[in-house]
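Structure, as structure tokens:
A, B, ... follow the sequence lines: proteins, then strands. Residue 1 opens every chain.
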Number of protein chains: 2
Amino acid sequence: MAVTIKDVAKRAGVSPSTVSRVLSNHPRISTETSRKVKLIMEEMGYHPNIMAKSLVSKTTNSICIMLPKSAEELFSNFFFMELIRGIVTQASRLGYDVLISSGSNEKEEVDGVSRLLNGRRVDGVILLYSRKDDPVIDFLHDNGHNFVLIGRSEQYPDILSVDNNNVQASYDATKHLISLGHERIGFVSGPPHLVVSKDRLKGYLDALHDAGLESKQEWIVEGEFLQESGYRAMSFFMNLPDRPTSIVLIDDVVAFGVLRGLNELNYKVPEDLCLVSFNNIPLTELSTPPLSSIDIGIYNLGYTASQVLIQSIQNSNDASYQKRQIIPHRLIVRDSSMYSVPKH
Amino acid sequence: MAVTIKDVAKRAGVSPSTVSRVLSNHPRISTETSRKVKLIMEEMGYHPNIMAKSLVSKTTNSICIMLPKSAEELFSNFFFMELIRGIVTQASRLGYDVLISSGSNEKEEVDGVSRLLNGRRVDGVILLYSRKDDPVIDFLHDNGHNFVLIGRSEQYPDILSVDNNNVQASYDATKHLISLGHERIGFVSGPPHLVVSKDRLKGYLDALHDAGLESKQEWIVEGEFLQESGYRAMSFFMNLPDRPTSIVLIDDVVAFGVLRGLNELNYKVPEDLCLVSFNNIPLTELSTPPLSSIDIGIYNLGYTASQVLIQSIQNSNDASYQKRQIIPHRLIVRDSSMYSVPKH
DNA sequence: GTGAAAGCGCTAACAC
DNA sequence: GTGTTAGCGCTTTCAC
């Protein structure tokens, strides 16, 4: 049997409540008692029972992350691990534990989150992605739970969220290619039900429009966050009679797929095709050629999400803070886009 | 206020204990009562309070993962994310939640694990790495906690662990190069305090020895699990008067660093240098040339660790199961090692 | 098959 | 500044 607050109290010759007060650094406790009690705790190897504390305080000091049903199909592992690192780091700094949950379909996700939240095991949830018509968001929103979305919800513009300005980021990427003289620019998007895909598509189109450039439907391809998508998009583009001279890609991994395909067909990057992608994972500098990419501050996204969620948990009443946090992005130009189109 | 077991009991006209029995599918409960109570639970939106249950049952149905202090410095993110995916998948299947913890130094790690375990918040721990003289292992071992190590402990050979046969895996990789006619084979190791580094070094040396080949001290380089280490090792090797014609590398990411360096110096892989590394991350097939690598079944390591830990939690008494599980490895040969040394 | 009662380890009024 | 008391929501003997 573990040593409890009562055991400590008895040994110290004080009441359990005094011990409890020492534990929580209650102001009205004598330095003397506090010192003595702390000593005895140390001596007896006392450890507060977190569950018991939670039960009475009605707060768990933990938050939960929902992993998407099939992480490997949606995003690169790198993305999620970075996010998690950011979340966990900031959470521990604020004294919160992080629980990881996942479900193999949307129903399981809702059930899991419901069990954890309604069962009072966690105080809030971080959603790592934003998709259209997400029943998990509906559930969280309708039941007044604390949660923050990494990304953007179209349905609930007013919920707590941490996001990049993806429209602007994609605009920047496209603008970069335009400034190099490119006039035929393609776009490889992600799954259409993800908000991030839509935002980046919009930025791309806006940039073309503002520059007075043509946007052809056939220059836009949808796919997954997978190499295969890039590979397929590449072979589609390269067979076009009027093929693009450069592409903006939703994700580095997709760009790697394009790179591989181009390599097999003996095309040269950037001479035959310029590439700019998103996420700036470490391997972008290692590929041949190194890949231009938009750094979206993944760690920072996670870190901030953690921060915002815990803040909202701690003052559920006032909502003085920013509902929507934007993490800055930054275009990192590397060899894959260092080629100006010759004037004609 | 959330609806409790009492509320349900009152509404159903039964006692709280009956409701509790329905919840845990007690055998001696009438089908009729059970049906009725379940209906009312549904109606009232009842959710069992996990904390309260834990408090009395003295079991939390959750396990904890310790993230190494600086994941980014030690291993690739990919490795950890795969591990976590495996762990979380199997844990949820068995009805366990997974908590992620981390510390910025060994003391914080011990404190964190101690708080969680002694505070009765988790039932067991998975350690994601094995280093020499790890105080976390000491703590876990000395206090009789449930834990499993992914890797191997030199100090405690008898603890629960899930590992590859790293000696054999490294032997296989080296043998592969030998069979291609290589006689000067280098080895780029990881941090020397990690057991995995030692095991793989041993396999490499054994293979050389069994083949009657020379092993030179200068052909062995230690580093981190970072590209930079590979880069540095490469420039060291290539400046040797009697330089190796092939290298075994502790990790794919390190191999990428070598690849970049060779590229910059206009060396060709595999003609000038053959490479075989470990982990077989998805990008190994995308690099130029694609990288030969040992697939160590990362997901499987995590999955099995989860399984073994939960098993040990559930029957703390009997120890009929295997103390040490070995996950099979598999050499994937790609272009980076497809070059036989010309006979002389 | 079901109920009454005690108690898991802790906190928080309310006393003094 | 400290003790007393009640109770958080649940399980689990022990009755009947």
Side-chain angles (χ1 to χ4, degrees), chain A residues 1-38 40-41 44-62 95 114-123, chain B residues 1-38 40-41 44-62 95 114-123:
Chain A
M1 208 62 269
V3 22
T4 77
I5 224 173
K6 275 189 185 168
D7 303 327
V8 176
K10 194 169 295 172
R11 184 93 98 85
V14 297
S15 78
S17 31
T18 301
V19 177
S20 170
R21 285 184 186 109
V22 169
L23 229 41
S24 51
N25 286 315
H26 192 102
R28 295 193 311 216
I29 209 88
S30 81
T31 336
E32 175 54 23
T33 326
S34 171
R35 205 190 47 70
K36 188 177 68 186
V37 170
K38 275 180 180 155
I40 295 191
M41 283 178 177
M44 303 181 73
Y46 169 76
H47 290 273
N49 183 312
I50 309 181
M51 297 300 187
K53 182 181 157 84
S54 282
L55 181 56
V56 33
S57 70
K58 296 195 176 322
T59 144
T60 63
N61 273 28
S62 28
S114 160
R115 183 180 60 84
L116 258 18
L117 244 13
N118 286 321
R120 299 285 184 275
R121 165 162 234 131
V122 300
D123 298 337
Chain B
M1 208 62 266
V3 20
T4 77
I5 224 173
K6 275 189 184 168
D7 303 327
V8 176
K10 194 168 295 171
R11 185 92 98 85
V14 298
S15 78
S17 25
T18 302
V19 177
S20 171
R21 286 185 183 109
V22 170
L23 228 42
S24 50
N25 287 315
H26 193 101
R28 294 194 310 218
I29 209 88
S30 81
T31 337
E32 175 54 22
T33 324
S34 171
R35 204 190 48 72
K36 188 176 68 186
V37 170
K38 276 180 180 156
I40 295 191
M41 283 179 177
M44 302 181 73
Y46 169 77
H47 291 272
N49 183 313
I50 309 181
M51 297 298 185
K53 181 181 157 87
S54 282
L55 182 57
V56 32
S57 72
K58 296 195 176 320
T59 143
T60 64
N61 273 29
S62 25
S114 160
R115 184 180 59 85
L116 258 18
L117 244 14
N118 287 320
R120 300 284 184 277
R121 163 159 236 135
V122 300
D123 298 336

How would you label the contact of R21(A) with the nucleic acid (heavy atoms, under 4.0 Å): base, sugar-phosphate, or nothing?
base
Within less than 4.0 Å of OP1 or OP2 of dG3(D), is there a side-chain N or O belonging to T18(A)?
yes
Indicate whether OP1 or OP2 belonging to dG9(C) is found under 4.0 Å from a side-chain N or O atom of T4(A).
no
Please report the interatomic distance NZ(K58(A)) to CG(N49(B)), rounded to the nearest 0.5 Å.
7.0 Å
Indicate whether any N or O donor in one side chain lies under 3.5 Å from an N or O acceptor in the other, for S34(B) and T31(B).
no
Derivation and outcome, side chain to side chain contact (heavy atoms under 4.5 Å, CB included), residues N118(B) and Y46(A):
CA-CA 9 Å; N118(B) 287 320; Y46(A) 169 76; over 6 Å; no
dT2(D) P sits how many Å from R35(A) CZ, rounded?
13 Å
Let me know the distance between CG of D7(B) and P of dG7(D), rounded to the nearest Å.
15 Å
When the distance from NZ of K10(A) to C1' of dG3(D) is rounded to whole Å, what number comes out?
15 Å
When only distance counts, do a donor and an acceptor, one from the side chain of S17(A) and one from the base of dT4(D), lie under 3.5 Å apart?
yes
For atom CG of L55(B) and atom C1' of dC10(C), their distance in whole Å
8 Å
Expressed in angstrom and rounded to an integer, what is the separation of R28(B) atom CZ from dA15(D) atom P?
14 Å
So which one's nearest nucleotide on DNA chain D is more toward 5', N49(B) or H26(B)?
N49(B)
Does OP1 or OP2 of dT11(D) have a side-chain N or O of S24(B) closer than 4.0 Å?
no
Distance only, no hydrogens: is a donor on one side chain within 3.5 Å (strictly under) of an acceptor on the other, for S62(A) and R121(B)?
yes
Rounded to whole Å, CZ of R120(B) lies from P of dC8(C) at a distance of 14 Å
Figure out the CD1/P separation between I5(B) and dT12(D), and round it to whole Å.
11 Å
Map I29(B) and P48(A) onto DNA chain C by nearest heavy atom, then report which one ends up closer to the 5' terminus.
I29(B)
Considering only heavy side-chain atoms of L23(B), the closest of dC8(D), dT11(D), dT12(D) is dT11(D)
Atom CE of M51(A) and atom P of dC10(D): how far apart are they, to the nearest Å?
14 Å
dG9(C) OP1/OP2 closer than 4.0 Å to side-chain N/O of K58(B)
yes
Go through the side-chain N and O atoms of S17(B) and S15(B) and say whether any donor and acceptor fall under 3.5 Å apart.
yes
Among dG1(D), dC10(D), dG3(D), the nucleotide that comes nearest once only the side chain of V56(B) is considered
dC10(D)
Measure the spacing between OG1 of T18(B) and NE2 of H26(B) and express it to the nearest 0.5 Å.
10.0 Å
Does S15(B) put a side-chain nitrogen or oxygen below 4.0 Å from OP1 or OP2 of dG3(C)?
yes
Touch class at under 4.0 angstrom, heavy-atom based, for T33(B) against every strand present:
sugar-phosphate
Answer yes or no: does a side-chain N or O of S30(A) lie under 4.0 Å from OP1 or OP2 of dG1(D)?
no
Residue closer to the 5' end of DNA chain C, S34(B) versus H47(A) (nearest nucleotide)
S34(B)
